[in-house]
Amino acid sequence: MAMAGLYRRILPSPPAIDFASSEGKQLFIEAVQHGTMEGFYRLISYFQTQSEPAYCGLASLSMVLNALAIDPGRKWKGPWRWFDESMLDCCEPLEKVKARGISLGKLVCLANCAGAKVQAFRTNQSTIDDFRKYIHRCSTSDDCHIISSYHRAALKQTGTGHFSPIGGYHVGQDMALILDVARFKYPPHWVPVKLLWKGMEHVDEATGQHRGFMLISRPHREPGLLYTLSCKHEDWVNIAKYLMDDVPLLLKSEDLKDTQDVLTVIFASLPLNYSDFIKWIAEVRRTEDSGQSLSPEEKARLALKEEVLKQVQETDLFKHVGQCLSLESSCHKMVTLSHENNLPEIAAGVCCQGAEILNGNAGVSAGYCCRETCVRCFSANGDKPVTVVCGMVVNGNDEQEFDMLVPSSSQVRSGCCFSGSKNGIGIHPATSDVLTTLLLALPAETWIGIKEEKLLRELQKLVCTENFPTLLQEEVLHLRRQLHLLKKYQENKVDLDLSAPPPS
């Protein structure tokens with residue numbers, strides 16, 4: 001027999017005051033007059049309901065990230081870049097969050113991965129006066145927001161641990177406005193700060209740690225212009241472990257003579273799905289899509305991405321990585337290690353094979369490697385679009401551009417083409433770009449186990465970022481911070497330490 005569902009809950013009042021009630025409206029008007037509702041307007045513009053019963057942390061964070069206008073750098077749906085709960089998978093697989101919720105420490109980890117500037121405090125690391133100070137600070141401006149982690153019992157509400165943003169503050173009544181993301185359950189409501197603090201003093205049974213609050217603001221610039229990390233696939237833990245733990249041991253145990261030996265050892269043992277660990281967010285375009293108008297801000301963003309990718313390719317390490325892939329004839333092996341959207345890697349394989357055939361080296365291990373790929377869709381005389389794969393193929397010091405027509409029986413799905421566009425082009429970073437950036441992002445102590453002192457100095461010089469352009473330094477630093485966070489998660493330390501990861 002089917003059971004009747006629940007349609008909302010009655011908000012326990014007191015201690016809470018419904019935002020839409022007469023008293024709630026009066027509190028709002030008075031707070032506006034005192035200037036402590038400035039953060040409210042952006043938050044309410046992006047107010048959302050959590051899509052899963054255990055997604056209160058993810059909904060709160062995506063709401064705040066959108067309110068701060070932080071660009072995720074990768075698409076949500078269609079052409080749109082937008083933070084959604086489904087995209088917050090850097091520090092905890094979504095299936096686990098769906099089943100058990102998320103802890104304060106892991107939500108802090110997610111905020112860092114998403115590119116926000118985060119300060120976080122547990123109640124045993126702070127005071128209620130500090131909490132009030134931060135509430136007042138964020139309620140009088142729109143450049144920071146607070147997410148509170150509290151136990152509902154302190155407010156006489158049903159349920160246990162919960163996350164929600166704080167939308168404003170009434171100084172005279174010492175009340176905070178909770179924009180409850182469980183809108184199917186309770187409406188936004190005012191609560192006494194003392195009671196909210198009491199709710200945050202509860203210990204999270206899952207971690208044994210006190211609850212607390214997060215202060216989130218914009219970074220100085222959008223981080224992660226080219227790449228971000230993902231734990232959408234369970235095997236990401238193995239990849240993080242390989243990069244952070246196994247690589248230093250491999251370098252210590254092997255008798256390495258030169259840089260090519262070092263790279264060969266690292267690449268030979270890469271987990272097969274290593275590129276699932278990387279979310280491709282770079283879309284450097286050679287030419288603007290015809291018929292598509294880009295805003296000046298979007299053009300500037302794309303130009304910035306193109307510049308960072310260019311800076312990666314101008315490093316000495318990039319040259320060594322490309323040479324290693326070429327010498328070991330590992331291009332074809334590497335391109336099969338694709339992201340779930342693997343068209344660029346397939347294109348790379350097609351161009352390499354085409355280069356071999358056209359140069360009379362079919363079936364021969366000729367050391368071809370595709371440095372960049374793109375896919376063009378052309379329409380002629382009203383016919384159906386045809387797909388052309390383009391690539392820059394490298395063989396030693398020689399570079400050649402190849403265009404390969406994809407047969408009609410192998411046409412990529414229509415979603416890969418730019419409808420109505422003669423020159424819809426998107427270039428994704430090639431394997432050598434990804435590997436170069438990952439190597440640069442490894443901690444400095446990764447290389448100290450190399451026995452040959454001259455080789456050690458050479459490697460340290462190759463991965464030293466001190467003299468890199470500022471854009472590339474920031475890109476590497478962001479990726480390094482993400483690796484550091486994932487290592488802390490792997491060691492179950494994320495919930496023990498809410499401090500930001502070290503900058504180097």
Side-chain angles (χ1 to χ4, degrees), residues 226-227 229 235-275 277-278 311-331 333-334 337 367 369 394 396-397 429-469 472-488 490-491 493 501-504:
L226 294 181
Y227 315 105
L229 304 184
D235 288 340
W236 71 268
V237 175
N238 296 328
I239 298 165
K241 181 180 183 300
Y242 175 75
L243 291 171
M244 303 294 282
D245 296 339
D246 296 349
V247 168
L249 294 177
L250 281 172
L251 298 180
K252 185 181 296 185
S253 61
E254 297 285 342
D255 185 19
L256 306 171
K257 301 300 183 184
D258 55 30
T259 301
Q260 293 303 311
D261 282 352
V262 173
L263 299 180
T264 299
V265 166
I266 295 175
F267 297 164
S269 300
L270 271 171
L272 290 179
N273 58 344
Y274 86 95
S275 62
F277 188 52
I278 296 288
Q311 290 174 6
V312 170
Q313 295 170 351
E314 287 176 347
T315 64
D316 290 335
L317 181 61
F318 177 83
K319 297 180 179 68
H320 282 282
V321 170
Q323 184 180 359
C324 178
L325 296 180
S326 177
L327 290 175
E328 297 297 325
S329 300
S330 56
C331 175
K333 179 183 74 173
M334 301 301 289
L337 312 181
C369 190
V394 180
N397 295 322
T431 299
S432 50
D433 301 309
V434 176
L435 293 177
T436 300
T437 312
L438 272 179
L439 291 176
L440 290 172
L442 292 179
E445 57 268 22
T446 300
W447 317 99
I448 58 177
I450 296 176
K451 300 169 187 175
E452 177 61 47
E453 290 188 9
K454 183 179 179 182
L455 178 58
L456 174 60
R457 289 194 298 270
E458 181 181 345
L459 256 298
Q460 289 175 331
K461 183 178 180 181
L462 285 174
V463 299
C464 178
T465 61
E466 284 184 7
N467 296 321
F468 284 1
L472 183 54
Q473 284 190 33
E474 291 177 345
E475 182 74 14
V476 170
L477 178 58
H478 176 68
L479 197 55
R480 186 176 297 161
R481 282 174 169 168
Q482 289 186 304
L483 287 171
H484 175 80
L485 283 167
L486 295 180
K487 181 175 173 61
K488 284 172 64 177
Q490 180 188 333
E491 297 171 347
K493 292 180 180 178
S504 62

Could you go step by step and tell me if Leu440 and Phe318 meet the side chain to side chain contact (heavy atoms under 4.5 Å, CB included) rule? CA-CA 10 Å; Leu440 290 172; Phe318 177 83; over 6 Å; no
Side chain to side chain contact (heavy atoms under 4.5 Å, CB included) evaluation trace for Thr446 with Val463: CA-CA 11 Å; Thr446 300; Val463 299; over 6 Å; no
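Separating the CG atom in Asn467 from the NZ atom in Lys461 is a distance of 9.5 Å, to the nearest 0.5 Å. Atom CG in Leu462 sits 5.5 Å away from atom OG1 in Thr259 (nearest 0.5 Å). To the nearest 0.5 Å, the span separating OG1 on Thr315 from CD on Gln313 amounts to 9.0 Å. Interatomic distance, CG of Leu317 versus OG1 of Thr436, reported as 5.0 Å (0.5 Å rounding).
Leu256 is not listed as a side-chain neighbour of Glu452, based on a closest heavy-atom distance of 4.5 Å or more. Leu439 has its side chain within reach of Trp447: a pair of non-hydrogen atoms, C-beta onward, lies under 4.5 Å apart. In this structure, the side chains of Leu243 and Leu442 come closer than 4.5 Å at one or more pairs of heavy atoms. Under the 4.5 Å side-chain criterion, counting only non-hydrogen atoms from C-beta, Asp261 is in contact with Asp258. Contact of the Leu270 side chain with the Leu435 side chain is registered, since non-hydrogen atoms from C-beta on lie closer than 4.5 Å.
The neighbour count for Lys319 NZ, taken as heavy atoms of other residues, nucleotides or ligands under 6.0 Å away, is above 12.
When atom types are taken as modelled, the side chain of Ser253 and the backbone of Leu250 share a donor-acceptor pair closer than 3.5 angstrom. With Thr465 contributing its side chain and Phe468 its backbone, the two residues share no donor-acceptor pair below 3.5 Å.
Smallest separation of non-hydrogen atoms from Gln460 and Ile448: NE2-CG2, 4.3 Å. Of all non-hydrogen atoms in Lys451 and Lys252, the two that sit nearest each other are CE-O, 2.9 Å.
If you check the side chains of Glu475 and Thr437, you find no donor sitting under 3.5 Å from an acceptor.
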